[in-house]
Amino acid sequence: HTFRHIRSSYNGRQGMSWTGGRGLNVYNSQFYHSGRAVNVGTGAPVKSRPSKGLDIEPSGTIVRDGYFEKCEFINNAGIGAAGSNPNGGHATFKSCTFWGTTSYPIWCSAPQLKFVDCYIYGDCYHLYGSDDPNEATSFTGCYFEDKPWTDGNVYTGRGFLYVGVEADNEAGKNVNWQNCTFVANTGGSLGLYGSGSQAAANCTFTHKSATLASGSPQAILGGAELSGCHFEEDFPSGTTRTYYIECSNTTVDASPATVVDGPLVAWDSVGGATGAIPAGSYTS
């Protein structure tokens, strides 16, 4: 099945529910404002949980081979796009935009959810890890930022732009980011609390928030493998607070080098290393 130029807005329950089948292709479509409508007569919300933009929810069957290109999932009362059933997932999102204002922009606790050249605004939470790298959630060329939508809201419930928390499966093992950009305006850039070999390669992290308490982490890396990453800072003029990148079972590859610009954010501890980080294993 192929859908093009769909505009699905102000639905009470869902912008789209994909409940079974193989080979769903969706192009240039919008899934906005689920759960945001109001009954004109009573003023009551027209809303039924989960009020997502897209819910991949197999009903007694399987869901496979989804492809979404140049689609937008914005300002839904629930999650922007979610896969949370092991019989679901199995979809690629290409050049899509996800903007969470009061809930997560994406939720990935199903296998084979892949994001390519996507824009993702707001905190994310659940990832799917696996011994099989092809099953794990992956991001290639994606852009993450805690930038408010036009109503001034962006979901920052956990204080980090991307949080690989909890063992949705294998504690985030083989989840990976390649050539991605993170811009953190109000909180930390990356919070990885999983224990399983989450990899970031050639990614850039820009820290802008000087409201965090001095001595606190601007990024938390748990079970991470870094290669060719760059930690920048762009704090307001006159910022004197110092921060660090917290490491737990984190490995840095020798080449290409991972670089921490400094001087306010240091590697592994406040006042720790800046510049090219020597290859090795680190635990703060």
Side-chain angles (χ1 to χ4, degrees), residues 1-37 46-122 124 126 128 134-135 137-145 147 149-151 153-155 177-181:
H1 291 79
T2 297
F3 294 84
R4 298 182 187 275
H5 303 289
I6 301 297
R7 180 171 293 173
S8 183
S9 298
Y10 292 102
N11 293 284
R13 177 174 172 83
Q14 224 89 283
M16 173 182 278
S17 295
W18 182 17
T19 60
R22 290 181 178 269
L24 175 66
N25 299 281
V26 184
Y27 299 90
N28 297 289
S29 295
Q30 299 172 340
F31 303 92
Y32 287 3
H33 316 311
S34 295
R36 301 292 191 196
V46 181
K47 180 180 180 181
S48 174
R49 295 181 65 185
S51 300
K52 299 173 183 175
L54 166 69
D55 199 1
I56 303 174
E57 47 172 346
S59 297
T61 181
I62 62 170
V63 169
R64 296 288 189 275
D65 306 326
Y67 183 76
F68 297 79
E69 183 174 311
K70 295 182 179 178
C71 294
E72 298 177 330
F73 307 84
I74 296 176
N75 188 40
N76 296 286
I79 298 163
S84 55
N85 185 308
N87 288 321
H90 302 86
T92 295
F93 297 87
K94 167 74 172 176
S95 301
C96 293
T97 298
F98 306 84
W99 214 317
T101 53
T102 58
S103 187
Y104 300 101
I106 59 174
W107 183 288
C108 306
S109 53
Q112 289 192 26
L113 288 170
K114 303 182 185 302
F115 300 83
V116 180
D117 297 335
C118 291
Y119 289 83
I120 301 170
Y121 298 98
C124 308
H126 284 258
Y128 189 90
N134 190 51
E135 295 279 309
T137 308
S138 69
F139 302 90
T140 304
C142 292
Y143 180 91
F144 300 84
E145 187 177 5
K147 176 182 175 181
W149 187 57
T150 57
D151 68 351
N153 292 319
V154 63
Y155 188 74
W177 300 262
Q178 297 184 46
N179 302 307
C180 292
T181 298

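Donor-acceptor pairing under 3.5 Å is recorded for the side chains of His33 and Asn75. No hydrogens or angles considered: nothing links the side chains of Glu72 and Thr97 as a donor-acceptor pair under 3.5 Å. Using modelled atom types and a 3.5 Å distance limit, the side chains of Thr101 and Arg36 yield a donor-acceptor pair.
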Side chain to side chain contact (heavy atoms under 4.5 Å, CB included) for Phe73 and Leu54? Distances and angles first, verdict last. CA-CA 8 Å; Phe73 307 84; Leu54 166 69; 3.7 Å; yes
Show your reasoning for whether side chain to side chain donor-acceptor pair (under 3.5 Å) applies to Ser17 and Glu57. CA-CA 7 Å; Ser17 295; Glu57 47 172 346; 3.1 Å; yes
Val154 vs Trp149, side chain to side chain contact (heavy atoms under 4.5 Å, CB included): CA-CA, chis, key distance, verdict: CA-CA 6 Å; Val154 63; Trp149 187 57; over 6 Å; no
For a side chain to side chain contact (heavy atoms under 4.5 Å, CB included) check, start with the C-alpha distance between Tyr32 and Tyr10, then their side-chain angles and the critical distance, and finish with the verdict. CA-CA 7 Å; Tyr32 287 3; Tyr10 292 102; over 6 Å; no
Evaluate the criterion side chain to side chain contact (heavy atoms under 4.5 Å, CB included) for residue pair Asp117 and Lys94; output intermediate values, then yes/no. CA-CA 6 Å; Asp117 297 335; Lys94 167 74 172 176; 2.8 Å; yes
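Atom OG of residue Ser84 and atom CG of residue Leu113 lie 10.0 Å apart, to the nearest 0.5 angstrom. Interatomic distance, CD of Gln30 versus NZ of Lys70, reported as 13.5 Å (0.5 Å rounding). The distance from atom OH of Tyr128 to atom SG of Cys108, rounded to the nearest 0.5 Å, is 12.0 Å.
Summarising the geometry of Cys142 relative to Phe115, their closest heavy-atom pair is SG-O, 3.4 Å, with the distance given to 0.1 Å. Considering every non-hydrogen atom in both Arg22 and Ile62, the closest pair reads NH2-CD1, 3.7 Å. Scanning all heavy atoms of the two residues, the minimum distance from Pro105 to Gly122 falls at CG-O, 3.8 Å. Contact between Ser95 and Cys118 at its shortest, heavy atoms only, is N-SG, 3.9 Å. Minimum interatomic distance between His5 and Ser29 (heavy atoms only, all atoms of both residues): N-OG, 3.4 Å. Closest non-hydrogen pair, Asn85 versus Pro111, comes out as O-CD, 4.3 Å.
Remark: the backbone N or O of Ala77 is not paired with any side-chain donor or acceptor of Ser51 at under 3.5 angstrom. Judged by distance alone, the side chain of Arg64 and the main-chain N or O of Asn87 form a donor-acceptor pair under 3.5 Å. The closest donor-acceptor contact from the side chain of Arg13 to the backbone of Arg49 lies under 3.5 Å. Trp177 places no side-chain N or O within 3.5 Å of a backbone atom of Asn179 that could act as its donor or acceptor partner. At least one donor-acceptor pair closer than 3.5 Å links the side chain of Ser34 to the backbone N or O of Gly15. In this structure, the side chain of Asn76 engages the main chain of Phe31 through a donor-acceptor pair within 3.5 Å.
Each of Leu24, Ile56, Asn11, Ile6 was checked for a side-chain contact (heavy atoms from CB on, under 4.5 Å) with Met16, and the lone residue meeting it is Leu24. Ile120 pairs with exactly one of Tyr104, Phe98, Trp99 by the side-chain contact (heavy atoms from CB on, under 4.5 Å) rule, that one being Phe98.
With contacts defined as side-chain heavy-atom distances shorter than 4.5 Å, the pair Pro50/Ile79 does not qualify. Asn134 is listed as a side-chain neighbour of Gln112, based on a closest heavy-atom distance under 4.5 Å. In this structure the side chain of Cys180 reaches within 4.5 angstrom of the side chain of Phe144, judged on heavy atoms.
Between Phe93 and Phe68, the ring planes are parallel. Angles under 30° get that label, and only those over 60° would be called perpendicular. Classified by interplanar angle (parallel below 30°, tilted 30° to 60°, perpendicular above 60°), the ring pair Tyr119/Tyr143 is tilted. In this structure, Trp107 and His126 have parallel ring planes: the angle between them is below the 30° cut-off, well short of the 60° mark.
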